[in-house]
S.K.: 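Here it is: the structure, laid out below.
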Amino acid sequence: MPELPEVETVCRQLGVSAVPLKIAKVDILDPRVVKGVAIEELVRGLKGKTIQSVARRGKLIIFELSSRGYLVLHLRISGWIVQDDTVDHHARLCLHGAGGEMIQFCDSRVLGEVRLVRTLDEVSLIRRMGPEPLEVSAKEFMNIFQARSGKIKPLLMDQSLLAGIGNIYAQESLFCAGIHPERRADSLSQEELRKLRRCLRSILTQAIKKGGTTARTYRQTDGSGGEYGGHLCVYQRHRQRCRRCEGKIVKTAVGGRGTCFCPGCQR
DNA sequence: AATGGGACCTGCGCGC
DNA sequence: TGCGCGCAGGTCCCAT
């Protein structure tokens, strides 16, 4: 759902067309998305402040505020950000600029969250987060996975090992590398791990270029869908033909998560 | 360390 | 056509 490429897309678009934004008004349409701080405190902490810049860490969107502090957004499964002057049916929090511009945090299932912090260290997810997959060296990548006895797919999605990989890109990168999702990480050869890193990098980079994958609710900030969906090889393609070997893509559960793969191509 | 649950949530597609 | 059910997946939390 919103994983690294989707969140990166959103951050880049906000960076171009939404900031700096002086916050004139804050509308909290659903207080359930606000975590770790009282509603009034959030409103007080935002009103009159300026969003100076937008950054991403893992799957988190980080608004840097004037006068020290950050607004940290997590889209979780079903969230998206839209810049529009018409309030979306699923909008949970709206930031209004003085000139009528608006940033809406939308979330159909209300599992996403918004936090106001003084330092990023206050966010436990960030504190524990592993390196960025597009920055990690081959050696570091090897070190992360080679001594682990767990299954490679859940490990790829573990944010404390690598930040930003979710169910879509874990499945796609394993297909690309020809690795079965249930392989123990410590059974992978150096060559396989090198290939997995290369696949992960190229898929993430390509997905960012395409504006991410719209599987369900995710949108770019102008409301349009991401276009990487047409490039998917296994995710949501069970019972369809493999693009490489013409065999059937199957779906199983790995670590409790739906997992599509090609039994012919992935060993 | 790893695994397997449940909890949080709503919208969608399925079977009857 | 309508209704109930299971599933979708990111993270935290608990038990084993």
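Below, chains carry the letters A, B, ... as their sequence lines are ordered, and counting in each starts from 1.
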S.K.: When rounded to the nearest Å, what value does the distance between P atoms of C:dG6 and B:dG5 take?
M.R.: 16 Å
S.K.: Distance from A:Cys260 atom SG to A:Gln236 atom CD, nearest 0.5 Å?
M.R.: 7.5 Å
S.K.: Report, one pair per line, the protein and nucleotides 11-14 of chain B atoms (nitrogen or oxygen only) whose separation is under 3.5 Å.
M.R.:
none

S.K.: Are A:Lys59 and C:dT11 close enough that a side-chain N or O sits under 4.0 Å from OP1 or OP2?
M.R.: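 Looking at the OP1 and OP2 atoms of C:dT11, one of them is under 4.0 Å from a side-chain N or O of A:Lys59.
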S.K.: Disulfide bond (SG atoms under 2.5 Å apart) with A:Cys265: which residues, sequence neighbours excluded?
M.R.: none
S.K.: With heavy atoms under 4.0 Å as the rule, sort A:Lys251 into base, sugar-phosphate or nothing.
M.R.: sugar-phosphate
S.K.: Students often get this wrong, so: under 4.0 angstrom with heavy atoms, is A:Thr217 touching a base, only sugar-phosphate, or nothing?
M.R.: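 It contacts nothing in the nucleic acid.
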S.K.: Between atom CG in A:Leu161 and atom P in B:dA2, what is the gap in whole Å?
M.R.: 8 Å
S.K.: A:Lys151 has an atom NZ; how far is it from atom P of B:dT3, in whole Å?
M.R.: 6 Å
S.K.: Can you name the nearest heavy-atom pair linking A:Cys262 to A:Val234, along with the distance?
M.R.: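 Looking at all heavy atoms of both residues, the closest pair is N-CG1, 4.2 Å.
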S.K.: Can you check the A:Arg115 CZ to C:dG10 P distance for me, whole Å?
M.R.: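 So the two atoms are 18 Å apart, to the nearest Å.
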S.K.: Extract from the structure each pairing of a protein N or O with an N or O of nucleotides 12-16 of chain C at less than 3.5 Å, listing the distance.
M.R.:
residue, atom, partner, partner atom, Å
C:dC12, OP1, A:Arg128, NH2, 2.9
C:dC12, OP2, A:Arg128, NH2, 3.0

S.K.: What is the separation between atom NE2 on A:His238 and atom P on C:dC7, rounded to the nearest whole Å?
M.R.: 12 Å
S.K.: Does any N or O in the side chain of A:Arg148 come within less than 3.5 Å of the main-chain N or O of A:Gln146, such that one atom is a donor and the other an acceptor?
M.R.: no
S.K.: In whole Å, I'd like the distance from the CE atom of A:Met157 to the C1' atom of B:dA2.
M.R.: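 Checked: the CE to C1' distance equals 16 Å.
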S.K.: Kindly say whether A:Ser189 contributes a backbone atom to a donor-acceptor pair with the side chain of A:Glu191 at under 3.5 angstrom?
M.R.: no
S.K.: With respect to the side chain of A:Ser149, which nucleotide from C:dG10, B:dA1, B:dC9 is positioned closest?
M.R.: B:dA1
S.K.: For the side chain of A:Val110, counting heavy atoms from C-beta on, which of B:dT10, B:dA2, C:dG10 is nearest?
M.R.: B:dT10
S.K.: Going by side chain to side chain donor-acceptor pair (under 3.5 Å), A:Thr259 matches just one of A:Lys151, A:Lys153, A:His180. Which one?
M.R.: A:Lys153
S.K.: Whole-Å distance between C:dG10 P and A:Asp107 CG?
M.R.: 13 Å
S.K.: Out of curiosity, A:Lys25 NZ to A:Met102 CE, how far, rounded to the nearest 0.5 Å?
M.R.: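 Going from the NZ atom of A:Lys25 to the CE atom of A:Met102 covers 7.5 Å.
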S.K.: Let me know, please, whether A:Arg148 or A:Arg257 comes out on the 5' side of the other along DNA chain B by nearest nucleotide.
M.R.: A:Arg148
S.K.: Has the side chain of A:Glu172 got a donor or acceptor atom that lies under 3.5 Å from a matching backbone atom of A:Cys233?
M.R.: yes
S.K.: What contact category does A:Tyr218 fall into here, base, sugar-phosphate, or nothing, at under 4.0 angstrom with non-hydrogen atoms?
M.R.: nothing
S.K.: Provide the distance between the two C1' atoms, one in C:dT1 and one in B:dT10, to the nearest whole Å.
M.R.: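 Per the computed distance, 23 Å lies between those C1' atoms.
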S.K.: What residues, two or more places apart in sequence or in another chain, satisfy ring-ring contact (aromatic ring centres under 6.0 Å, His included) together with A:His231?
M.R.: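 Residues passing ring-ring contact (aromatic ring centres under 6.0 Å, His included) with A:His231: A:Tyr228.
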S.K.: Dot-bracket notation for DNA chain C is requested: 5' to 3', Watson-Crick or G-U wobble pairs only, both distances under 3.5 Å, with ( ), [ ], | and . as defined.
M.R.: .|||||||.|||||||
S.K.: Can you list everything that forms a side-chain hydrogen bond (donor to acceptor under 3.5 Å, both in side chains) with A:Lys210? Sequence neighbours excluded, please.
M.R.: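 A:Lys210: no side-chain hydrogen bond (donor to acceptor under 3.5 Å, both in side chains) contacts found.
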S.K.: Classify the nucleic acid contact of A:Gly150 as base, sugar-phosphate or nothing, counting any heavy atom under 4.0 Å across all strands shown.
M.R.: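 The answer is sugar-phosphate, as A:Gly150 gets under 4.0 Å only of primed atoms, P, OP1 or OP2.
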S.K.: Would you indicate what A:Gly258 reaches in the nucleic acid, counting non-hydrogen atoms under 4.0 angstrom: base, sugar-phosphate, or nothing?
M.R.: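 Answer is sugar-phosphate: A:Gly258 comes under 4.0 Å of backbone atoms only.
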S.K.: Using atom CG of A:Asn167 as one end and atom C1' of C:dT11 as the other, report the distance to the nearest whole Å.
M.R.: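 Interatomic distance, CG of A:Asn167 to C1' of C:dT11: 13 Å.
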S.K.: To the nearest angstrom, how far is A:Arg32 atom CZ from B:dC8 atom P?
M.R.: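 Computing the A:Arg32:CZ to B:dC8:P distance gives 12 Å.
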S.K.: For residues A:Val72 and A:Ile103: do they belong to one hydrophobic cluster (side chain heavy atoms under 4.5 Å, members Ile, Leu, Val, Met, Phe, Trp, Tyr)?
M.R.: no
S.K.: When we call it a touch if two heavy atoms are under 4.0 Å apart, what does A:Glu113 touch: a base, just sugar-phosphate, or nothing?
M.R.: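 It contacts nothing in the nucleic acid.
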S.K.: Quick one: is the NZ or CZ of A:Arg244 closer than 6.0 Å to the six-membered ring centre of A:Phe175, and within 45° of its axis?
M.R.: yes
S.K.: Does C:dG10 have its OP1 or OP2 closer than 4.0 Å to a side-chain nitrogen or oxygen of A:Gln159?
M.R.: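 No, A:Gln159 has no side-chain N/O under 4.0 Å of OP1/OP2 on C:dG10.
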S.K.: Rounded at 0.5 Å granularity, tell me how far CD1 in A:Ile208 sits from CG in A:Leu134.
M.R.: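 One finds 5.5 Å between CD1 of A:Ile208 and CG of A:Leu134.
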